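Structure first, then comments.
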Amino acid sequence: MGAVVGTLTLQTRQRRPSNDKFYDDLELSVVCHRPEGLEQLEAQTNFSKKELQVLYRGFKNECPSGVVNEDMFKQIYSQFFPHGDASTYAHYLFNSFDSSQNGSIKFEDFVAALSILLRGTTTEKLQWTFNLYDINRDGYINKEEMTDIVKAIYDMMGRFTYPALKTDTTKQHVDAFFQKMDKNRDGVVTLDEFILSCQEDENIMRSLQLFENVI
Ligand SMILES: [Ca+2]
Ligand SMILES: [Ca+2]
């Protein structure tokens, strides 16, 4: 990640005329981003002040400018999936982390998402996942959205899903999802249906608990 940021900085410098005030101002405003008071973040999240300090140090170390844009996020995330193409899934994840929908993730956004994923209640975690799948944010997961998500996950897993992956596998996966989740059979999955179905499924519940002791 350090290397990634280094490369990005280098490219910016090379492309930028040194006397261009606009870019200087832009860089200054980006570099100078500071998170809200730690007390406030402590109150808003499930982390202690000490944990927030450790997280902030890590975030600044990986990302000295204090904000992550989508391209950087994709590069960071792709490192975890070297055998596949994680860019589409990273795009959906980025939108979920970017709660203010302004194209960048600040430390506050990062910590808010981590707080839910690591320390949130089951309902909070499921709600977060629902929002990730509800790509157009209309409150329903439809088949097109689930197809896009499943395709993105297959792309990300890359050759590990080969040769099991056939063209109709995505459709089977989406159909199975709706068979289980769409309780009233109206073709869309609501948050209530999603939470109810996940709570009935031991595998999903286990996977939600997986990350609880990471920090
Ligand atoms: Ca939707
Ligand atoms: Ca439904």
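Counting starts at 1 for both ligands and their atoms, following the listed order. Just so you know, these numbers come straight off a predicted model, no measurement behind them.
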Output yes when [X] and [Y] qualify as a salt bridge under the 4.0 Å nitrogen-oxygen rule, no when they do not.
X      : Y      : value
Asp155 : Lys151 : no
Arg119 : Glu51  : yes
Glu200 : Lys183 : yes

Revision key, fill the gap. Looking at Asp138, the N, O or S atom sitting nearest the Ca ion (ligand 1) is OD1
Parallel, tilted or perpendicular: which fits the ring planes of [X] and [Y], with parallel below 30° and perpendicular above 60°?
X      : Y      : result
Tyr56  : Phe107 : perpendicular
Phe177 : Phe194 : tilted
Tyr77  : Phe73  : parallel

**Study point:** Vertex the Ca ion (ligand 1), rays to OD1 in Asp134 and OE2 in Glu145 - rounded to 10°
**Key:** 90°
Point to revise | Neighbouring protein N, O or S atoms of the Ca ion (ligand 2), below 3.0 Å | key: 6
Check your understanding: Within 45° of the ring axis of Phe178 and under 6.0 Å from its six-membered ring centre, is that where the NZ or CZ of Lys143 lies?
Key -> yes
Check your understanding: Of the backbone and side-chain N, O or S atoms of Asn142, does one lie nearer to the Ca ion (ligand 1) than 3.0 Å?
Key -> no
